[in-house]
Amino acid sequence: MVLVCLAACGESRYGAYLVVQGEIEFDEIELYFGAPIDSSGTGSGNQFATPTFGQQSGLVFDRKFDASDRVTMMPTTQTTFYLPSDDKNQQLGMYVVAVALSGGQPVGIAEFFDFKVPSDVVHEYHLDLTAWNPMMMERWGERPGCVAWQKQRDGHDPIVAVVRNDDRDCDAMARDVDCSDLCSAGAAGCNVDQTLCDSTGFCALGCNRSGACTPALCLPDATCIDPNCKALTSIDQRLACGREKTPIHLELLLHRDAAIGKALCTRTLMFRPTLDMPGRPCKDPIIESIDPAFKTMFAPVIAQSQIDPLSCELHLTGNVATIADLDEYHALVSIAPANLGPRITFVFGLSWSGSDQCQFEGYDTNYVGSMMFDCL
(Lines give C-alpha, C1' and ligand atoms only; values in the text may rest on other atoms or scores of the structure.)
Protein backbone atom coordinates (compact mmCIF):
# COMPACT_ATOMS: atom_id res chain seq x y z
CA MET A 1 0.00 0.00 0.00
CA VAL A 2 1.35 3.41 -0.98
CA LEU A 3 0.11 6.34 1.06
CA VAL A 4 1.26 9.86 0.21
CA CYS A 5 0.49 12.96 2.31
CA LEU A 6 -0.10 15.88 -0.02
CA ALA A 7 0.55 19.54 0.70
CA ALA A 8 -1.13 20.47 -2.57
CA CYS A 9 -2.41 18.73 -5.67
CA GLY A 10 -2.00 20.35 -9.06
CA GLU A 11 -3.90 17.71 -11.05
CA SER A 12 -6.48 15.03 -10.45
CA ARG A 13 -5.30 11.45 -10.29
CA TYR A 14 -7.43 8.32 -10.16
CA GLY A 15 -7.80 6.92 -6.68
CA ALA A 16 -8.95 8.35 -3.37
CA TYR A 17 -8.23 11.44 -1.33
CA LEU A 18 -8.78 11.40 2.43
CA VAL A 19 -9.32 14.83 3.96
CA VAL A 20 -8.99 14.70 7.77
CA GLN A 21 -10.25 17.93 9.25
CA GLY A 22 -11.80 19.61 12.27
CA GLU A 23 -11.34 22.24 14.93
CA ILE A 24 -8.80 20.03 16.75
CA GLU A 25 -5.09 20.69 16.28
CA PHE A 26 -2.94 17.61 15.69
CA ASP A 27 0.60 16.72 14.62
CA GLU A 28 0.11 13.04 13.74
CA ILE A 29 -2.53 10.87 12.06
CA GLU A 30 -3.02 7.10 12.38
CA LEU A 31 -5.18 5.48 9.70
CA TYR A 32 -6.99 2.20 10.39
CA PHE A 33 -8.25 0.55 7.20
CA GLY A 34 -10.58 -2.39 7.80
CA ALA A 35 -12.04 -5.20 5.70
CA PRO A 36 -15.31 -6.77 6.95
CA ILE A 37 -14.93 -9.92 9.05
CA ASP A 38 -18.58 -10.75 9.74
CA SER A 39 -21.98 -9.12 9.97
CA SER A 40 -23.04 -7.06 12.96
CA GLY A 41 -24.47 -8.89 15.96
CA THR A 42 -23.53 -10.95 18.99
CA GLY A 43 -22.06 -14.09 17.38
CA SER A 44 -18.49 -15.22 17.99
CA GLY A 45 -17.45 -13.78 14.63
CA ASN A 46 -18.31 -10.31 15.91
CA GLN A 47 -16.44 -10.47 19.22
CA PHE A 48 -13.27 -8.68 20.27
CA ALA A 49 -11.70 -7.49 23.52
CA THR A 50 -10.03 -4.32 24.78
CA PRO A 51 -7.96 -3.77 27.96
CA THR A 52 -10.41 -1.22 29.42
CA PHE A 53 -13.84 -2.56 28.42
CA GLY A 54 -13.04 -6.27 28.08
CA GLN A 55 -15.00 -8.63 25.83
CA GLN A 56 -17.46 -6.94 23.44
CA SER A 57 -19.56 -7.66 20.37
CA GLY A 58 -20.18 -5.34 17.45
CA LEU A 59 -19.25 -4.65 13.85
CA VAL A 60 -15.69 -5.90 13.49
CA PHE A 61 -13.19 -5.18 10.71
CA ASP A 62 -9.83 -6.84 9.99
CA ARG A 63 -7.06 -4.23 9.94
CA LYS A 64 -5.09 -3.88 6.70
CA PHE A 65 -1.85 -2.35 7.90
CA ASP A 66 1.14 -0.63 6.36
CA ALA A 67 3.86 1.33 8.15
CA SER A 68 2.88 4.42 6.14
CA ASP A 69 -0.53 4.45 7.88
CA ARG A 70 1.05 6.58 10.62
CA VAL A 71 2.17 10.02 9.46
CA THR A 72 3.61 12.96 11.41
CA MET A 73 3.37 16.60 10.35
CA MET A 74 3.55 20.15 11.62
CA PRO A 75 0.64 21.08 13.92
CA THR A 76 -2.48 21.63 11.81
CA THR A 77 -6.27 21.22 11.80
CA GLN A 78 -6.51 19.66 8.31
CA THR A 79 -4.46 17.33 6.16
CA THR A 80 -5.02 15.36 2.96
CA PHE A 81 -3.82 11.90 1.99
CA TYR A 82 -3.73 10.48 -1.53
CA LEU A 83 -4.13 6.76 -2.22
CA PRO A 84 -3.34 5.87 -5.83
CA SER A 85 -5.34 3.21 -7.62
CA ASP A 86 -3.09 0.18 -7.36
CA ASP A 87 -3.84 -3.46 -6.58
CA LYS A 88 -2.97 -3.18 -2.87
CA ASN A 89 -5.03 -0.07 -2.22
CA GLN A 90 -8.08 -1.58 -3.89
CA GLN A 91 -7.97 -4.35 -1.28
CA LEU A 92 -8.02 -2.01 1.73
CA GLY A 93 -11.61 -2.75 2.68
CA MET A 94 -14.80 -0.78 3.25
CA TYR A 95 -14.07 1.17 6.43
CA VAL A 96 -11.42 3.63 7.56
CA VAL A 97 -10.78 5.34 10.91
CA ALA A 98 -8.47 8.32 11.38
CA VAL A 99 -7.08 8.94 14.87
CA ALA A 100 -5.54 12.38 15.35
CA LEU A 101 -2.73 12.71 17.90
CA SER A 102 -0.95 15.63 19.49
CA GLY A 103 2.29 15.00 21.35
CA GLY A 104 1.69 11.25 21.02
CA GLN A 105 -1.75 11.35 22.69
CA PRO A 106 -5.07 10.88 20.87
CA VAL A 107 -7.11 14.08 20.59
CA GLY A 108 -9.64 13.27 17.86
CA ILE A 109 -11.22 10.52 15.78
CA ALA A 110 -13.17 10.25 12.52
CA GLU A 111 -14.56 7.40 10.40
CA PHE A 112 -15.96 6.64 6.96
CA PHE A 113 -18.02 3.62 5.86
CA ASP A 114 -18.25 2.23 2.31
CA PHE A 115 -14.73 3.41 1.58
CA LYS A 116 -12.95 2.25 -1.59
CA VAL A 117 -10.12 3.29 -3.92
CA PRO A 118 -11.51 3.49 -7.47
CA SER A 119 -9.44 2.80 -10.59
CA ASP A 120 -11.30 4.98 -13.08
CA VAL A 121 -12.45 8.05 -11.14
CA VAL A 122 -11.38 10.22 -8.23
CA HIS A 123 -13.15 9.93 -4.87
CA GLU A 124 -12.67 12.46 -2.09
CA TYR A 125 -13.63 11.46 1.44
CA HIS A 126 -14.06 14.02 4.23
CA LEU A 127 -13.38 12.67 7.73
CA ASP A 128 -14.60 15.21 10.29
CA LEU A 129 -12.88 14.84 13.63
CA THR A 130 -14.72 14.30 16.92
CA ALA A 131 -12.92 15.09 20.18
CA TRP A 132 -11.36 12.02 21.77
CA ASN A 133 -13.40 10.58 24.66
CA PRO A 134 -11.81 7.60 26.49
CA MET A 135 -15.25 6.57 27.80
CA MET A 136 -16.34 5.82 24.23
CA MET A 137 -13.09 5.24 22.33
CA GLU A 138 -10.13 2.96 22.86
CA ARG A 139 -6.84 2.62 21.02
CA TRP A 140 -4.55 -0.18 22.18
CA GLY A 141 -1.96 -2.77 21.21
CA GLU A 142 0.98 -2.67 18.85
CA ARG A 143 2.37 -4.53 15.81
CA PRO A 144 -0.03 -3.06 14.69
CA GLY A 145 -2.53 -1.40 17.05
CA CYS A 146 -6.33 -1.58 17.13
CA VAL A 147 -9.17 0.88 17.69
CA ALA A 148 -12.79 0.71 18.87
CA TRP A 149 -15.49 3.39 18.97
CA GLN A 150 -18.90 3.23 20.62
CA LYS A 151 -21.59 5.74 19.56
CA GLN A 152 -25.04 5.85 18.01
CA ARG A 153 -24.81 5.43 14.22
CA ASP A 154 -27.52 5.57 11.57
CA GLY A 155 -27.62 2.22 9.82
CA HIS A 156 -24.57 0.78 11.60
CA ASP A 157 -23.81 -1.01 14.84
CA PRO A 158 -23.18 1.30 17.84
CA ILE A 159 -19.91 -0.56 18.53
CA VAL A 160 -17.37 -0.72 15.70
CA ALA A 161 -13.80 -2.00 15.97
CA VAL A 162 -10.78 -2.46 13.70
CA VAL A 163 -8.77 -5.39 15.09
CA ARG A 164 -6.87 -8.32 13.58
CA ASN A 165 -8.88 -11.37 12.61
CA ASP A 166 -6.29 -13.76 14.07
CA ASP A 167 -5.77 -11.62 17.21
CA ARG A 168 -9.11 -10.20 18.40
CA ASP A 169 -7.69 -8.80 21.65
CA CYS A 170 -4.62 -7.28 19.96
CA ASP A 171 -2.20 -8.63 22.55
CA ALA A 172 0.39 -9.74 19.93
CA MET A 173 -0.54 -13.41 20.48
CA ALA A 174 -2.11 -15.10 17.47
CA ARG A 175 -5.29 -17.05 18.13
CA ASP A 176 -3.68 -20.46 17.63
CA VAL A 177 -1.31 -19.91 20.60
CA ASP A 178 -3.49 -17.61 22.72
CA CYS A 179 -5.33 -19.24 25.61
CA SER A 180 -8.10 -16.69 25.26
CA ASP A 181 -8.25 -14.45 22.23
CA LEU A 182 -10.90 -12.37 24.02
CA CYS A 183 -8.76 -11.60 27.06
CA SER A 184 -6.64 -8.58 26.21
CA ALA A 185 -3.53 -8.02 28.33
CA GLY A 186 -4.44 -5.87 31.30
CA ALA A 187 -8.21 -6.46 31.04
CA ALA A 188 -10.11 -7.08 34.27
CA GLY A 189 -11.39 -10.65 34.57
CA CYS A 190 -8.65 -12.29 32.53
CA ASN A 191 -7.25 -15.48 34.02
CA VAL A 192 -3.55 -14.67 34.08
CA ASP A 193 -2.68 -18.21 35.15
CA GLN A 194 -3.92 -19.44 31.78
CA THR A 195 -1.37 -17.35 29.92
CA LEU A 196 1.63 -17.53 32.29
CA CYS A 197 3.04 -21.03 32.52
CA ASP A 198 5.41 -22.17 35.24
CA SER A 199 4.18 -25.66 36.04
CA THR A 200 6.47 -27.38 33.54
CA GLY A 201 9.81 -26.06 34.76
CA PHE A 202 10.04 -22.79 32.84
CA CYS A 203 8.40 -19.39 32.96
CA ALA A 204 6.70 -18.28 29.75
CA LEU A 205 3.85 -16.40 28.20
CA GLY A 206 1.95 -18.93 26.17
CA CYS A 207 -1.02 -21.18 26.71
CA ASN A 208 -1.49 -23.32 29.80
CA ARG A 209 -4.24 -25.91 29.30
CA SER A 210 -4.63 -28.75 31.80
CA GLY A 211 -1.12 -28.20 33.11
CA ALA A 212 0.53 -28.33 29.67
CA CYS A 213 2.15 -25.17 28.37
CA THR A 214 2.90 -24.15 24.81
CA PRO A 215 5.32 -21.24 25.31
CA ALA A 216 5.39 -18.28 22.93
CA LEU A 217 7.60 -15.90 24.93
CA CYS A 218 10.17 -17.04 27.52
CA LEU A 219 10.24 -14.82 30.61
CA PRO A 220 12.50 -14.02 33.58
CA ASP A 221 11.98 -16.53 36.40
CA ALA A 222 10.86 -13.79 38.80
CA THR A 223 7.71 -13.29 36.73
CA CYS A 224 6.45 -16.70 37.83
CA ILE A 225 8.15 -17.43 41.16
CA ASP A 226 8.49 -14.11 42.99
CA PRO A 227 5.57 -13.89 45.49
CA ASN A 228 5.03 -10.20 44.73
CA CYS A 229 4.76 -10.94 41.01
CA LYS A 230 2.51 -13.98 41.44
CA ALA A 231 0.01 -11.89 43.41
CA LEU A 232 -0.59 -9.54 40.47
CA THR A 233 -3.66 -10.06 38.33
CA SER A 234 -2.78 -8.72 34.88
CA ILE A 235 -0.25 -9.84 32.30
CA ASP A 236 1.26 -6.36 31.94
CA GLN A 237 1.74 -6.08 35.73
CA ARG A 238 3.37 -9.51 35.92
CA LEU A 239 5.76 -8.67 33.06
CA ALA A 240 6.70 -5.37 34.71
CA CYS A 241 7.28 -7.11 38.03
CA GLY A 242 9.53 -9.73 36.46
CA ARG A 243 11.41 -6.98 34.63
CA GLU A 244 12.12 -5.02 37.82
CA LYS A 245 12.92 -8.02 40.05
CA THR A 246 15.55 -9.60 37.79
CA PRO A 247 18.93 -8.72 39.33
CA ILE A 248 21.00 -10.49 36.68
CA HIS A 249 20.80 -8.33 33.60
CA LEU A 250 22.77 -6.31 31.11
CA GLU A 251 23.61 -2.79 32.29
CA LEU A 252 24.15 0.04 29.81
CA LEU A 253 26.13 2.83 31.48
CA LEU A 254 25.94 6.27 29.89
CA HIS A 255 28.72 8.86 29.97
CA ARG A 256 27.86 12.55 30.37
CA ASP A 257 29.70 15.62 29.08
CA ALA A 258 30.29 18.04 31.96
CA ALA A 259 31.31 20.75 29.49
CA ILE A 260 27.80 20.97 27.95
CA GLY A 261 25.44 20.63 30.90
CA LYS A 262 26.09 16.95 31.51
CA ALA A 263 24.45 16.06 28.20
CA LEU A 264 24.56 12.44 27.05
CA CYS A 265 27.69 11.68 25.07
CA THR A 266 25.74 9.42 22.70
CA ARG A 267 22.20 8.43 21.92
CA THR A 268 23.10 5.25 20.02
CA LEU A 269 24.35 2.17 21.88
CA MET A 270 25.36 -1.18 20.40
CA PHE A 271 25.72 -4.36 22.45
CA ARG A 272 25.59 -8.14 22.23
CA PRO A 273 22.97 -9.49 24.65
CA THR A 274 23.72 -13.14 23.84
CA LEU A 275 27.24 -13.67 25.18
CA ASP A 276 26.03 -16.82 26.92
CA MET A 277 24.55 -18.06 23.61
CA PRO A 278 27.44 -17.64 21.14
CA GLY A 279 26.34 -17.10 17.58
CA ARG A 280 22.76 -16.16 18.47
CA PRO A 281 21.85 -13.03 16.46
CA CYS A 282 19.85 -10.12 17.83
CA LYS A 283 17.08 -11.02 15.39
CA ASP A 284 13.87 -8.96 15.32
CA PRO A 285 14.26 -7.42 18.81
CA ILE A 286 11.04 -6.16 20.44
CA ILE A 287 10.63 -4.19 23.67
CA GLU A 288 8.01 -6.29 25.50
CA SER A 289 7.87 -4.33 28.78
CA ILE A 290 9.47 -1.04 29.75
CA ASP A 291 9.70 1.31 32.72
CA PRO A 292 7.11 4.03 31.90
CA ALA A 293 9.58 6.82 32.74
CA PHE A 294 12.18 5.21 30.44
CA LYS A 295 9.68 5.22 27.56
CA THR A 296 8.50 8.78 28.19
CA MET A 297 11.90 10.37 28.68
CA PHE A 298 14.11 8.53 26.21
CA ALA A 299 11.66 6.90 23.73
CA PRO A 300 14.03 3.97 23.06
CA VAL A 301 13.96 2.18 19.72
CA ILE A 302 15.76 -1.15 19.35
CA ALA A 303 16.82 -2.92 16.16
CA GLN A 304 19.27 -5.51 14.90
CA SER A 305 22.60 -3.93 14.02
CA GLN A 306 23.34 -3.70 10.31
CA ILE A 307 27.07 -3.79 11.11
CA ASP A 308 27.06 -6.82 13.41
CA PRO A 309 23.96 -9.08 13.24
CA LEU A 310 24.87 -10.53 16.66
CA SER A 311 24.41 -7.08 18.20
CA CYS A 312 21.41 -4.93 19.04
CA GLU A 313 21.33 -1.19 18.46
CA LEU A 314 19.48 0.99 20.95
CA HIS A 315 18.52 4.49 19.84
CA LEU A 316 17.39 7.05 22.45
CA THR A 317 15.04 9.21 20.42
CA GLY A 318 13.35 11.18 23.24
CA ASN A 319 13.80 14.82 24.19
CA VAL A 320 15.64 14.25 27.49
CA ALA A 321 19.34 15.05 27.03
CA THR A 322 20.83 13.79 30.32
CA ILE A 323 20.36 11.16 33.01
CA ALA A 324 20.31 11.77 36.77
CA ASP A 325 22.98 10.30 39.04
CA LEU A 326 20.83 7.68 40.77
CA ASP A 327 18.25 6.95 38.09
CA GLU A 328 18.06 3.48 36.55
CA TYR A 329 15.54 2.34 33.96
CA HIS A 330 14.77 -1.21 32.86
CA ALA A 331 13.29 -2.88 29.80
CA LEU A 332 12.44 -6.47 28.88
CA VAL A 333 13.35 -7.30 25.27
CA SER A 334 12.61 -10.41 23.22
CA ILE A 335 14.47 -11.69 20.18
CA ALA A 336 13.38 -14.24 17.63
CA PRO A 337 14.58 -17.85 18.04
CA ALA A 338 17.23 -19.31 15.79
CA ASN A 339 14.66 -21.70 14.32
CA LEU A 340 11.10 -22.53 15.35
CA GLY A 341 10.08 -22.09 18.96
CA PRO A 342 9.33 -19.39 21.50
CA ARG A 343 11.02 -15.99 21.59
CA ILE A 344 13.77 -15.63 24.20
CA THR A 345 14.15 -12.54 26.38
CA PHE A 346 16.70 -10.49 28.27
CA VAL A 347 16.49 -7.56 30.68
CA PHE A 348 18.70 -4.50 30.38
CA GLY A 349 19.10 -1.42 32.53
CA LEU A 350 20.06 2.13 31.59
CA SER A 351 21.92 4.29 34.11
CA TRP A 352 24.76 6.78 34.55
CA SER A 353 28.28 5.37 34.39
CA GLY A 354 29.71 7.74 37.02
CA SER A 355 31.80 9.50 34.37
CA ASP A 356 31.20 13.08 33.27
CA GLN A 357 33.70 12.76 30.45
CA CYS A 358 32.96 11.32 27.01
CA GLN A 359 35.12 8.22 26.64
CA PHE A 360 35.26 5.56 23.92
CA GLU A 361 31.76 5.26 22.39
CA GLY A 362 30.21 7.36 25.16
CA TYR A 363 28.89 4.40 27.16
CA ASP A 364 29.97 1.18 28.88
CA THR A 365 28.35 -2.26 29.04
CA ASN A 366 28.36 -4.41 32.16
CA TYR A 367 27.50 -8.09 31.80
CA VAL A 368 26.73 -10.02 34.99
CA GLY A 369 26.04 -13.74 34.67
CA SER A 370 23.61 -15.28 32.20
CA MET A 371 21.56 -12.71 30.32
CA MET A 372 19.06 -14.80 28.36
CA PHE A 373 15.81 -16.41 29.45
CA ASP A 374 15.16 -19.44 27.25
CA CYS A 375 12.39 -22.02 27.65
CA LEU A 376 14.51 -24.87 26.37
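Note that this is a predicted model, so its numbers are computed, not measured.
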What distance do [X] atom [atom1] and [Y] atom [atom2] have between them, rounded to the nearest 0.5 Å?
X      : Y      : atom1 : atom2 : result
Ile290 : Leu239 : CD1   : CG    : 13.0 Å
Phe346 : Ile344 : CZ    : CD1   : 9.0 Å
Arg243 : Asp236 : CZ    : CG    : 10.0 Å
Leu252 : Cys312 : CG    : SG    : 10.0 Å

SG to SG, are Cys265 and Cys358 under 2.5 angstrom apart?
->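 Yes - the two cysteines, Cys265 and Cys358, have SG atoms within less than 2.5 Å of each other.
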Taking the SG atom of each, are Cys229 and Cys224 under 2.5 Å apart?
->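 Answer is no: Cys224 does not pair with Cys229 in a disulfide.
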Between side-chain atoms of residues 294-304 and protein atoms elsewhere (two or more places apart, or another chain), which donor-acceptor pairs fall under 3.5 Å?
unit_1, atom_1, unit_2, atom_2, d
Thr296, OG1, Pro292, O, 3.0
Gln304, NE2, Pro309, O, 3.0

Between [X] and [Y], does at least one N-O distance fall below 4.0 Å, as a salt bridge requires?
X      : Y      : result
Asp62  : Lys64  : yes
Asp325 : Arg256 : yes
Arg343 : Asp284 : yes
Arg272 : Asp308 : yes
Arg153 : Glu111 : yes

Is there a side-chain contact between Ser311 and Cys282, using heavy atoms and a 4.5 Å cut-off?
->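 Heavy-atom side-chain distance check fails, nothing below 4.5 Å.
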Are the aromatic ring centres of Tyr95 and Phe115 under 6.0 angstrom apart?
->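 Centroid distance Tyr95-Phe115: not below 6.0 Å, so no.
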Could I get the full list of side-chain hydrogen bond (donor to acceptor under 3.5 Å, both in side chains) partners for Asp327, not counting sequence neighbours?
->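 Listed in chain order: Tyr329.
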Does one hydrophobic cluster hold both Met73 and Leu18, with members joined at side-chain heavy-atom distances below 4.5 Å?
->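 Shared cluster, yes.
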Answer yes or no for Arg168 and Phe48: cation-pi contact, defined as NZ/CZ to six-membered ring centre under 6.0 Å and angle to ring axis within 45°.
->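 Cation-pi check for Arg168 and Phe48: fails.
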Verdict with reasoning, Val99 to Glu28, per side chain to side chain contact (heavy atoms under 4.5 Å, CB included) | CA-CA 8 Å; Val99 175; Glu28 188 173 3; over 6 Å; no
Test log, rule side chain to side chain donor-acceptor pair (under 3.5 Å), inputs Thr223 and Arg238 | CA-CA 6 Å; Thr223 310; Arg238 291 276 290 269; over 6 Å; no
Sequence neighbours left out, what passes side-chain contact (heavy atoms from CB on, under 4.5 Å) with Glu251? Give chain and number order.
->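 Listed in chain order: His249, Leu253, Glu328, Ser351, Asn366.
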